[in-house]
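Heads up, the thing below is written out as structure tokens.
In what follows, residues are counted from 1 in the order of the sequence shown. This structure is a prediction, so every number in the text was calculated from the model and none was measured. Side-chain atoms are counted along with the backbone in the values below, which use heavy atoms only and exclude waters and symmetry mates.
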Amino acid sequence: MAVGLAIFKVPDLFSQDASRTLMEGVVTCILTAMCILAFVGLRYPVRMLPLLLFESIWKLIWLAAVALPAIMDDAVDPAMSELIFNCSMVVIILAVIPWRYVWQHYVTAKGDRWR
């Protein structure tokens with residue numbers, strides 16, 4: 001994830017493209033932040049596990065709530081098709097998440113006290 005974002009998205013941050021929409025700029029900045037945090041995750045993989053969970057959850061939600069209805073309505077254009085393919089790579093992330101650790105530390109563990 002870190003290398004892919006560094007190659008394909010971070011250069012967009014520094015391009016002087018005047019036709020970039022507001023949301024394209026926001027997405028580029030968010031993905032650049034994800035790229036930096038993904039590199040931190042190479043050093044501290046367990047501490048950065050919430051980043052992988054975030055990445056997985058939004059992709060699964062998008063696939064279920066946006067892509068699946070579009071596929072069922074036969075309303076998938078080439079841009080959406082490419083995004084569906086990219087988001088479907090979430091299976092790689094799902095395969096490397098230590099699910100026993102997630103269950104023990106995020107589901108069944110006692111929560112922190114709020115003060």
Heavy atoms of other groups near Tyr101 OH, more than 12 under 6.0 Å: yes
Rounded to the nearest 0.5 Å, what separation is found between the [atom1] atom of [X] and the [atom2] atom of [Y]?
{"X": "Cys87", "Y": "Ile61", "atom1": "SG", "atom2": "CD1", "answer": "11.5 Å"}
{"X": "Asp74", "Y": "Met72", "atom1": "CG", "atom2": "CE", "answer": "11.5 Å"}
{"X": "His105", "Y": "Leu49", "atom1": "NE2", "atom2": "CG", "answer": "10.0 Å"}
{"X": "Ile30", "Y": "Lys9", "atom1": "CD1", "atom2": "NZ", "answer": "12.0 Å"}
{"X": "Leu42", "Y": "Leu37", "atom1": "CG", "atom2": "CG", "answer": "11.5 Å"}
{"X": "Leu51", "Y": "Ile36", "atom1": "CG", "atom2": "CD1", "answer": "11.5 Å"}

Find out if a path of hydrophobic residues (ILVMFWY) with successive side-chain heavy-atom gaps under 4.5 Å connects [X] to [Y].
{"X": "Val26", "Y": "Val66", "value": "yes"}
{"X": "Val102", "Y": "Val90", "value": "yes"}
{"X": "Met89", "Y": "Ile97", "value": "no"}
{"X": "Val91", "Y": "Leu53", "value": "no"}
{"X": "Phe54", "Y": "Leu5", "value": "yes"}

For [X] against [Y], the heavy-atom pair lying closest together:
{"X": "Glu55", "Y": "Ile93", "value": "CG-CD1, 3.5 Å"}
{"X": "Leu63", "Y": "Ile84", "value": "CD2-O, 4.1 Å"}
{"X": "Trp62", "Y": "Leu83", "value": "CZ2-CD2, 3.5 Å"}
{"X": "Met80", "Y": "Ala75", "value": "SD-O, 4.4 Å"}
{"X": "Ala64", "Y": "Pro69", "value": "O-CD, 3.3 Å"}
{"X": "Ala6", "Y": "Cys35", "value": "N-SG, 3.6 Å"}

With sequence neighbours left out, which residue pairs that include part of residues 12-51 fulfil the ring pair (Phe, Tyr, Trp, His ring centres under 6.0 Å) condition? none
Kindly say whether Leu13 contributes a backbone atom to a donor-acceptor pair with the side chain of Thr28 at under 3.5 angstrom? no
